[in-house]
Number of protein chains: 2
Amino acid sequence: MQSRTPASRTGRPRNAAADTAILAATRQALVELGWSKLTLGDVATRAGVAKTTLYRRWAGKNELVVDAVAELFDELELPDRGSLANDIEGVVLQFAAILDRPEARSGLMAAVAESTRDDALRERIRASIVDRQKRLVLEGRARAQCRGELPSEPDPEEAARTVDLIFDMVAGAVVHRTLMSGKPADAEWVRDFTRVLLLGLAGGTQDTP
Amino acid sequence: MQSRTPASRTGRPRNAAADTAILAATRQALVELGWSKLTLGDVATRAGVAKTTLYRRWAGKNELVVDAVAELFDELELPDRGSLANDIEGVVLQFAAILDRPEARSGLMAAVAESTRDDALRERIRASIVDRQKRLVLEGRARAQCRGELPSEPDPEEAARTVDLIFDMVAGAVVHRTLMSGKPADAEWVRDFTRVLLLGLAGGTQDTP
DNA sequence: GAGCTTTCGCTACGCCTCGTAGCGTAATAC
DNA sequence: GTATTACGCTACGAGGCGTAGCGAAAGCTC
């Protein structure tokens with residue numbers, strides 16, 4: 001996950017439990033201290049490992065926090081709730097619930113801030129968080145096209161653009177609502193948002209449910 | 001702007017030029033160093049003032065960077081370009097251009113990250129950045145309603161909700177596209193985005209231009 | 001002008017964190 | 001056994017933080 005697994009077959013193996021303990025301790029420290037006051041020495045103490053062990057596995061605070069936060073977003077699921085509107089509302093509410101947790105808020109935004117000056121970190125975030133969750137858009141879109149709720153797009157290039165656009169609109173709106181405007185993405189807001197998004201995507205050819 | 005103006009009529013007045021010099025030095029340091037490696041001592045040296053002077057005017061790194069970044073967003077304007085679609089495309093492209101500047105990227109996101117654990121800082125961001133730019137949505141919306149491009153909303157409470165929703169959708173999508181997806185919010189993307197947003201807002205009763 | 005008030009530049013300081021080096025020990029593969 | 005790697009621990013220099021204290025400068029009031 002973090003640095004390397006060079007198929008080292010010899011020597012003492014790494015303690016796998018330490019990884020989960022360190023990542024859990026990182027999230028706990030994010031809750032109690034936030035990003036700026038989080039120190040690697042403190043995380044090591046919480047996890048019950050030596051500080052040097054932590055440095056042997058992660059390059060620094062940035063990489064550690066990205067890995068710790070990325071696990072949070074793997075909880076996202078997209079159960080079939082019968083309609084595209086219900087599917088979107090469900091996943092948006094899940095996403096909002098994750099962003100309600102302080103370890104996700106401060107950790108994610110701080111990592112994104114650092115990634116503006118660190119290409120490797122940006123790629124790490126993209127691979128372990130952003131691109132991983134794009135699967136939700138792809139799945140929901142495929143379902144909706146099967147149901148006839150969305151027009152099928154023959155041009156694969158244009159379809160990819162649309163997927164990216166939807167992803168940025170959904171995730172961006174929730175993040176902005178939660179962190180910038182500072183208001184909750186509650187059921188009422190999610191309903192309004194989903195209505196506008198669906199009308200826009202359906203090309204204005206569909207009635208309001 | 002920063003700390004206090006208690007109508008201190010007596011004593012040596014503050015050097016107003018130092019404020020602008022400090023904020024400009026902060027932006028320059030953000031460009032060259034980024035948030036995490038920016039130090040107040042370095043900013044003071046760049047601005048040609050003593051470090052103690054800096055601490056007399058700002059409480060810390062967070063507040064200083066918020067003020068330095070807030071000035072960037074005051075450049076946003078909303079010239080009348082004839083149609084709601086053109087107005088939106090114009091302001092989104094302006095917003096994207098600001099987010100293209102490294103001092104805006106790292107400074108804004110880091111401040112938002114810190115604000116998740118600092119209520120005073122969150123309020124400072126809301127007042128000096130977020131709420132200030134909501135004027136653009138209000139103005140564009142009023143224009144569009146005059147043109148008949150958007151339905152008028154009699155219920156003031158629902159109208160306020162709609163304004164908030166539009167603001168979060170526009171700003172959130174651009175920020176997410178730029179910083180999370182790491183792709184440019186170029187003319188093509190802005191056109192696609194505006195089309196979806198407008199279809200959603202018009203309630204599906206309008207043709208694609 | 002004299003006197004008061006506030007700001008400014010400068011130096012110095014204790015505190016904390018960072019990231020690394022070095023050592024001895026533990027755990028596994030061959 | 002031996003080789004190899006991981007681990008815990010201690011110690012260290014480097015550097016930033018935020019503050020205190022000082023003398024000097026720049027205003028206002030009288």
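Below, chains carry the letters A, B, ... as their sequence lines are ordered, and counting in each starts from 1. What you see is a predicted model, and the numbers here were worked out from it, not measured in a lab.
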(request) Salt-bridge test for B:Glu123 and B:Arg126: reply yes if a basic N is under 4.0 Å from a carboxylate O, no otherwise. (result) yes
(request) Look at the aromatic rings of B:Phe167 and A:His176 and report parallel, tilted or perpendicular, splitting at 30° and 60°. (result) perpendicular
(request) Measure the distance from CG on A:Asp19 to P on D:dA6 and round it to the nearest whole Å. (result) 12 Å
(message) Just the rounded figure in Å: distance from P of D:dG8 to CG of A:Leu54.
(response) 10 Å
(message) Using only modelled atom types and a 3.5 angstrom limit, is any donor from either the side chain of A:Thr52 or the base of D:dC9 paired with an acceptor on the other?
(response) yes
(message) What I want to find out is whether A:Arg122 reaches A:Asp119 closely enough, with some N-O distance under 4.0 Å, to be called a salt bridge.
(response) yes
(message) Can you tell whether the side chains of B:Arg81 and B:Glu89 come within less than 4.0 Å, N to carboxylate O?
(response) no
(message) Can you see whether A:Gln133 engages A:Arg135 through a side-chain donor-acceptor pair at a distance of less than 3.5 angstrom?
(response) yes
(message) For a quick check, tell me whether the side chain of A:Lys51 and the base of C:dG19 share a donor-acceptor pair closer than 3.5 Å.
(response) yes
(message) Reading DNA chain D from 5' onward, which residue's closest nucleotide shows up sooner: A:Asn15 or B:Gly60?
(response) A:Asn15
(request) Return the value, rounded to whole Å, for the distance between atom CG of A:Asp42 and atom P of C:dC15. (result) 20 Å
(message) Whole angstroms only, please: what is the CH2-C1' distance between A:Trp35 and C:dC18?
(response) 14 Å
(request) Just compare C:dG19, C:dT7, C:dT17 and give me whichever is closest to any side-chain atom of A:Tyr55. (result) C:dG19
(message) Taking only side-chain N and O atoms of A:Thr10, does any of them lie within less than 4.0 angstrom of OP1 or OP2 on D:dT5?
(response) no
Can you tabulate the close N/O pairs, meaning under 3.5 Å, that link protein atoms to atoms of nucleotides 22-26 of chain D?
{"from": "D:dA25", "atom 1": "N3", "to": "B:Arg12", "atom 2": "NH1", "distance (Å)": "3.1"}
{"from": "D:dA26", "atom 1": "O4'", "to": "B:Arg12", "atom 2": "NE", "distance (Å)": "3.4"}

(request) Counting heavy atoms from C-beta on, name the nucleotide in C:dG9, C:dT17, D:dC7 closest to the side chain of A:Arg14. (result) D:dC7
(message) Between P on D:dG18 and CZ on B:Arg57, what's the gap in Å once rounded to a whole number?
(response) 18 Å
(request) Inspect the contact between A:Arg161 and A:Glu158 and indicate whether a charged nitrogen and a carboxylate oxygen are less than 4.0 angstrom apart. (result) no
(message) Among D:dC17, C:dC8, C:dT20, which nucleotide has an atom closest to any side-chain atom of B:Leu40?
(response) D:dC17
(message) Just the rounded figure in Å: distance from P of C:dG19 to NZ of B:Lys37.
(response) 10 Å
(request) Look at B:Asp87 together with B:Arg147 and state whether they make a salt bridge at an N to O cut-off of under 4.0 Å. (result) yes
